[in-house]
Amino acid sequence: VPNNKVKLVEVGPRDGLQNEKKAIPLTTKIELIERLARTGVSTIEAGSFVSPKWVPQMANSSEILEHILQRRLQAPVPMTYSFLAPNTKGLQNAADILRANPQTFSSQLDPQIDSKGEPKPAMEVAVFAAATESFSQKNLNCDIQTSLERFKAVIQDSKALGLRVRAYVSVVLGCPFEGFDVDPHKVAQISTELLEAGADEISLGDTTGMGTAPRTSALLRCMAAAGIRTEDIAMHFHDTYGQALVNTAVSLEHGIRTFDSSVGGLGGCPYSPGATGNVATENMVYFMETLGMDTGIDLDAMSDIGSWITAELGKSNDSTVGKAVLGA
Ligand code: HMG
Ligand code: MG
């Protein structure tokens, strides 16, 4: 793989929408996913099998997964669709739908292609631990060790179904309840446990956007010292303090090539008061292009989607690049 390839994981339909107060119509969510799939992005986080009492906006994730499996969404590249599952109950709900549609997706055990030679999407499960006890309690209603035991069961069951697993660690560079005082060694230790349990990738979440360039660098040095390979790490920046692209540059220098972002800069975590959106995908694509990196994503198409979805939600378009591209 040439060193200038960068993978962007589009988290808009999940991280971007989960915090919206007003129920978003299923048709809008599906249109968003269908349009994103046509931009050249290869992974879309499409929903979340969490408790609807905790995150009501994600309640129709089953219908979204069914739609993805039953309609062949047009996409220029082989696609992976990712869904969060906090426990085996969530995975079970997703697995029931997968079992009912066995020919429509590819697992890690078979190739991403159907009997007619057409590409089939891959499915991915995402678990989400936290680096601090207070965030774990607020987000998952349990302590870190209990959450890790639950995630090990989710990872094991996902692997038995042939599904790729990504594992988030949240609040790695700052916690809404514990401030800057997040121990990078703790992050590395949780990451190691999740990788040893079978996770394919760790996504390090700067949930609050409190990350800075030197602290991002210190965290990644600590991960390397713990023996965690850069190719097993994704960075998940929120742009609350406007530091996401600086932290991205630092991460690139450390060899990271997978980044999470959200079209139109949508987002915010329901259990992270004051956190604004994920770094905008349009800004990431533009930034990568200026560095000679290749995301495979059509910037104009992505900018159109950012403008459309933010208008649809009655929000401002938070992508500076998207607005510039569209002359808005
Ligand atoms: P709990 O209340 O301790 O769970 O919540 P429980 O086992 O006692 O169950 C309570 C009720 O929820 C029961 O229903 C269960 O059946 C049901 P009842 O008997 O009361 O009718 N339930 C479920 N229903 C559907 N799907 C499920 C499920 N599990 C239980 N999977 C729990 C514990 C983990 C469920 C809850 O805390 C939860 O759902 N948390 C999710 C919070 C969340 O989604 N946060 C946002 C995602 S993380 C994030 O955004 C950060 C990230 O972007 C990275 C970053 O930026 O750092 C990833
Ligand atoms: Mg997030």
Side-chain angles (χ1 to χ4, degrees), residues 9-20 45-62 65 82-97 124-132 134-144 146-151 153-154 157-158 165-178 182 187 190-191 194 199 201-211 219 233-240 244 247 259-262 265-281:
V9 175
E10 172 58 51
V11 299
R14 195 282 306 174
D15 209 358
L17 300 186
Q18 69 180 7
N19 208 24
E20 288 296 314
E45 198 173 71
S48 189
F49 285 88
V50 296
S51 163
K53 286 179 193 146
W54 284 64
V55 187
Q57 190 61 258
M58 291 289 107
N60 49 17
S61 291
S62 300
L65 176 55
S82 193
F83 288 82
L84 267 54
N87 51 23
T88 48
K89 183 179 173 70
L91 180 66
Q92 196 52 53
N93 290 342
D96 287 345
I97 299 168
E124 181 182 80
V125 170
V127 297
F128 45 104
T132 66
S134 32
F135 196 81
S136 184
Q137 287 294 347
K138 282 281 192 307
N139 201 34
L140 293 160
N141 204 24
C142 65
D143 61 31
I144 295 172
T146 306
S147 80
L148 291 177
E149 295 313 318
R150 288 181 190 163
F151 294 146
V154 175
D157 292 357
S158 300
V165 180
R166 95 189 303 237
Y168 283 103
V169 183
S170 285
V171 296
V172 296
L173 291 165
C175 171
F177 315 106
E178 298 184 27
V182 180
V187 176
I190 293 169
S191 302
L194 289 164
E201 173 179 70
I202 300 293
S203 179
L204 297 177
D206 182 16
T207 321
T208 59
M210 287 159 76
L219 172 61
I233 302 174
M235 298 305 285
H236 176 109
F237 290 117
H238 286 249
D239 207 22
T240 317
N247 296 338
F259 296 91
D260 303 352
S261 63
S262 169
L266 298 175
C269 178
Y271 300 102
S272 179
T276 58
N278 296 79
V279 60
T281 307

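We count ligands from 1, going down the list as the structure has it; atoms in each ligand are counted the same way. Just the heavy atoms: all of them, side chains too, but no hydrogens, waters or symmetry mates, feed the values below.
- Of all the atoms in ligand 1, the ones that sit under 4.0 Å from a non-hydrogen atom of D15 are 50 (O), 53 (O).
- By the criterion of a heavy-atom distance under 4.0 Å, the side chain of P52, and not its backbone, is placed next to ligand 1.
- Ligand 1 has a nitrogen or oxygen under 3.5 angstrom from a nitrogen or oxygen of V50.
- The shortest heavy-atom contact between F128 and F151 is O-CZ, 3.2 Å.
- Which of W54, Y168, F128, F237 comes nearest to atom 2 (O) of ligand 1 through a heavy atom is settled by distance: it is W54.
- Ligand 1 places these atoms under 4.0 Å from at least one heavy atom of F49: 26 (N), 27 (C), 31 (N).
- Side-chain contact of T88 with D157: a donor-acceptor pair under 3.5 Å is absent, judged by distance alone.
- Under the 3.5 Å distance criterion, the side-chain polar atoms of S136 are matched with a main-chain donor or acceptor of C142.
- At least one heavy atom of H238 lies less than 4.0 angstrom from ligand 1.
- Residue contact annotation: R14 has a non-hydrogen atom under 4.0 Å from ligand 1.
- Residues S191 and V169 come closest through the heavy atom pair OG-CG2, 3.9 Å.
- Considering backbone and side-chain N/O atoms, V55 never comes within less than 3.5 Å of an N/O atom of ligand 1.
- A donor-acceptor pair is defined here as one N or O able to donate and one able to accept, closer than 3.5 Å; no such pair exists between the side chain of D15 and the backbone of G267.
- Pairing each heavy atom of A131 with each of I190, the nearest pair is CA-CD1, 4.0 Å.
- Ligand 1 has no atom lying under 4.0 Å from any heavy atom of A126.
- The main-chain N or O of G205 is never found under 3.5 Å from a side-chain atom of S170 such that the two would form a donor-acceptor pair.
- Closest approach of M58 to S61, counting heavy atoms only: O-OG, 2.8 Å.
- For atom 40 (N) of ligand 1, the candidate residues are N139, L91, T88; the nearest heavy-atom contact is made by N139.
- Aromatic ring pairs are classed by plane angle as parallel below 30°, tilted from 30° to 60° and perpendicular above 60°; the pair H236 and Y168 is perpendicular.
- The backbone N or O of V55 sits nowhere less than 3.5 Å from a side-chain atom of Q18 that would complete a donor-acceptor pair.
- Those atoms of ligand 1 with a heavy atom of N141 less than 4.0 angstrom away are 1 (P), 2 (O), 3 (O).
- In the vicinity of G90, heavy-atom distances shorter than 4.0 Å reach the ligand 1 atoms 31 (N).
- At distances below 3.5 Å, at least one donor-acceptor pair connects side-chain atoms of T207 with backbone N or O atoms of V171.
- At least one N or O atom of N87 sits closer than 3.5 Å to an N or O atom of ligand 1.
- No N or O atom of L84 sits closer than 3.5 Å to an N or O atom of ligand 1.
- Residue side and main chain included, D15 places an N/O/S atom under 2.8 Å of the Mg ion (ligand 2).
- Taking distance alone, with nitrogen or oxygen atoms compared against 3.5 Å, S170 approaches ligand 1 more closely than that limit.
- Looking at K53 against ligand 1, only its side chain comes within 4.0 Å, counting heavy atoms.
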